[in-house]
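Everything on this sheet refers to the single structure shown next.
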Protein chains: 2
Amino acid sequence: MEQDINSEKLILNAAKEVFLEKGFDGARMQEIADRAGINKALLHYYFRSKDNLFDAIFKDAFEQFLPRIAGIMTTDKPFFEKLEFFIDTYLNMLSENPHLPVFVMHEINRSPEVLINIIRDSGFNPEALRSMIKKEVKAGTINPVDPVHLIVNIIGMCLFPYMGKPILQGFIFKNNAEDYQKFLTERKKEIKKFVINSIRKKV
Amino acid sequence: MEQDINSEKLILNAAKEVFLEKGFDGARMQEIADRAGINKALLHYYFRSKDNLFDAIFKDAFEQFLPRIAGIMTTDKPFFEKLEFFIDTYLNMLSENPHLPVFVMHEINRSPEVLINIIRDSGFNPEALRSMIKKEVKAGTINPVDPVHLIVNIIGMCLFPYMGKPILQGFIFKNNAEDYQKFLTERKKEIKKFVINSIRKKV
DNA sequence: AGTTGGTTTAACCAGTTGGCAAAATTAATA
DNA sequence: TATTAATTTTGCCAACTGGTTAAACCAACT
C-alpha cells in the first residue's frame, strides 16, 4: 500500500492551491493547514516561515511558467512543427494551471528584486529561441521578424485567454461556461493559424 | 489659483496608487493615508470601509481597462485604419497605466462574483466589434477569422509586454531598462504588422 | 517495558490592522 | 461675535495572524 502520505508533500500541495488562488498577502497559514488536514504549527516545523513556504511554491511555479523549450529545440523537425508543438505544450500547461500566469505576474510585480533572485538560475535560455528564429528568417522559411516580438506575440496570445477567464466568460460568453471551454479548445488551432499566416513566406 | 485640493480626490489618487501596486490584500489603509498626506481616520470619514474605497478604485480601473471602442466604430474610416487606431489607443493607455492589467485580473480572480457585479453596467459592447469584423470578412477585406479569437489575439499581444515587464526586462533584456523601453515603443508597429500580415487578404 | 528521536498538537503571545468614538479644529452662517 | 455644521485629528480597541513553546504522541530500537 504505502499510502503513507508524507506531511511535507501535503503541505506543499495545499500551499500551492492557496497561494495561487489568493496570492501571498491573501493567503492564510491557517487555511493552508486546514486544506492539508494538519495542524498549523506543523507548517512552521517543516518550513520556518510563511516566506519560506512561499518561496518554495513560487520557485516551482515560475519554472512551470517558463516555456520548456529545451526538448523542442534539439529535434531536427521542421520549424513549423516545432512551432505547433511549442504552442500545444504551453496551452496544455496553462489548462492544467490556469491560475499560474496571474499569480506569477502579480507576485513578481509586488517585489521584483527579491523574487528575481529566487529564479535567477532557472535555466531558461532565450538566446536559443532567438537564434533558431533568426536561422529560419535567413533560410527564407519565414518573413523577416524580430524574434523577441514574435515570442512575445505568441506567449501573449496563449496567456490572455486564461488570465482573463472571468472577463471573457462574463462579458463575451454571457456566463456560459461551456462556450468558454469550447473557445479554449479552439485556441490551439486559431493561434497556430494566426501565427503561421502572419510569418510564413508566400511564394 | 484655486489649488484648494479636495481631500476626497487626494484619497482616491493615493488609493489608486497603493491598490494598483499592492492589490487589495497587500494594501494598507495607513499607507494610503500617508501618501495622501492626511489622517487615517479621514479615509473612513469619506469612504466607510476599505472595501468601499477599493470598490470605487476597482470600478474606475476596470472601465479604463476595457478598450474604448465607441469612438472608433462610428467613424467611416477604412478597417485597417480603425485597427491601427485601436492598437495605438490601447497601447497608449497601457503605457500610462502599466499596473492596470495585473491588478484587474488578480482582483477579479480573487472574488469574481462580487467584482463582476460592480462592473456589470460598464457599457462595453463586444457585439459591435464582432459584427464589424464579420462585415469585413464578408466584404473580402480580410481572411475569414473568428472575431472573438482575433480580438483576444490583439489584446493578448498588447497586454503581455506590460504585465510581464519584470520578466522581460530581467530575462530577455538583462535588466537593461532602456532596451525594454525601446522594445515597448517598437510594439506598436510590430503588432500592427503582425496582425495585418495575418488577416489581410492576398490578391 | 523503557528509552530515544522524530512528529504532531494545543495553547498562547505579540504585532499588526481596519475601524471607531470623541475631542479638536476649521469653515460657514446668522 | 456667536453658533452651528463640517472636517480633521488623537487615541484607542477588538479581531486577526504569523509565529513560538512546551507538552503529547508514536514508532523503532534496546
Side-chain angles (χ1 to χ4, degrees), chain A residues 1-61 103 106-107 109-111 114-115 118, chain B residues 1-61 103 106-107 109-111 114-115 118:
Chain A
M1 284 300 189
E2 196 57 42
Q3 41 111 37
D4 175 37
I5 31 180
N6 105 331
S7 297
E8 191 168 334
K9 197 68 196 159
L10 279 178
I11 294 172
L12 284 171
N13 289 341
K16 184 173 180 180
E17 268 185 42
V18 176
F19 277 133
L20 283 239
E21 275 175 35
K22 316 266 180 104
F24 178 85
D25 290 320
R28 295 288 166 259
M29 295 297 268
Q30 188 61 60
E31 184 174 358
I32 295 175
D34 290 345
R35 291 212 205 177
I38 52 141
N39 190 280
K40 181 170 72 100
L42 208 56
L43 296 181
H44 293 89
Y45 177 76
Y46 282 101
F47 305 83
R48 242 186 34 249
S49 63
K50 187 183 182 183
D51 286 87
N52 261 357
L53 180 53
F54 177 82
D55 288 355
I57 299 297
F58 183 81
K59 187 174 180 168
D60 203 59
F103 169 73
H106 178 257
E107 297 302 330
N109 197 44
R110 206 176 43 89
S111 55
V114 183
L115 295 182
I118 295 178
Chain B
M1 283 299 192
E2 198 55 41
Q3 42 110 43
D4 175 35
I5 31 181
N6 103 329
S7 296
E8 192 168 334
K9 197 68 197 160
L10 279 177
I11 293 173
L12 283 171
N13 289 341
K16 184 173 182 182
E17 267 186 41
V18 176
F19 278 133
L20 283 240
E21 275 175 36
K22 316 264 177 105
F24 178 85
D25 291 319
R28 296 286 165 260
M29 295 296 268
Q30 187 60 62
E31 184 175 357
I32 296 175
D34 291 345
R35 290 212 206 177
I38 53 139
N39 190 278
K40 180 169 71 98
L42 208 56
L43 297 182
H44 292 88
Y45 176 77
Y46 282 101
F47 305 84
R48 243 188 31 251
S49 63
K50 187 182 181 183
D51 286 86
N52 262 357
L53 180 53
F54 177 81
D55 288 354
I57 299 297
F58 182 81
K59 187 174 182 169
D60 201 61
F103 168 73
H106 177 257
E107 297 303 331
N109 197 46
R110 205 173 45 87
S111 56
V114 184
L115 296 183
I118 295 179

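Naming: A, B, ... by sequence-line order, numbering from 1 per chain.
Within the 4.0 Å cut-off from OP1 or OP2 of D:dG18, at least one side-chain nitrogen or oxygen of A:Arg28 is found. Look at A:Ser7 and you'll find a side-chain N or O under 4.0 angstrom from OP1 or OP2 of C:dT8.
Checking C:dG19, C:dC20, C:dT8 against the side-chain heavy atoms of A:Tyr46 singles out C:dT8 as nearest. For B:Asn39, taking side-chain heavy atoms from C-beta onward, the closest of the listed nucleotides D:dG19, C:dG18, D:dT9 is D:dT9. Taking every side-chain heavy atom of A:Tyr45 into account, C:dG6 is the closest of D:dA6, C:dG6, C:dG18. Listed nucleotides C:dT9, C:dG19, D:dG19 differ in distance to A:Leu42; the shortest reach to its side chain belongs to C:dT9. For B:Ala41, taking side-chain heavy atoms from C-beta onward, the closest of the listed nucleotides D:dT20, C:dT9, D:dT10 is D:dT10.
Sorted by first and then second residue, the pairs that involve residues 18-46 of chain B and meet ring-ring contact (aromatic ring centres under 6.0 Å, His included), not counting sequence neighbours, are B:Phe19-B:Phe54, B:Phe24-B:Phe54.
Looking at heavy-atom distances under 4.0 Å, A:Ala33 makes no contact with the nucleic acid at all.
Under 3.5 Å, the side chain of A:Lys40 and the base of D:dG19 form at least one donor-acceptor pair of N or O atoms.
Atom NE2 in A:His44 sits about 17 Å away from atom C1' in D:dA22, given to the nearest Å. Rounded to an integer number of Å, the gap from CG of A:Asn52 to P of D:dG18 is 14 Å.
The shortest side-chain heavy-atom distance between A:Glu21 and A:Phe103 does not fall under the 4.5 Å cut-off.
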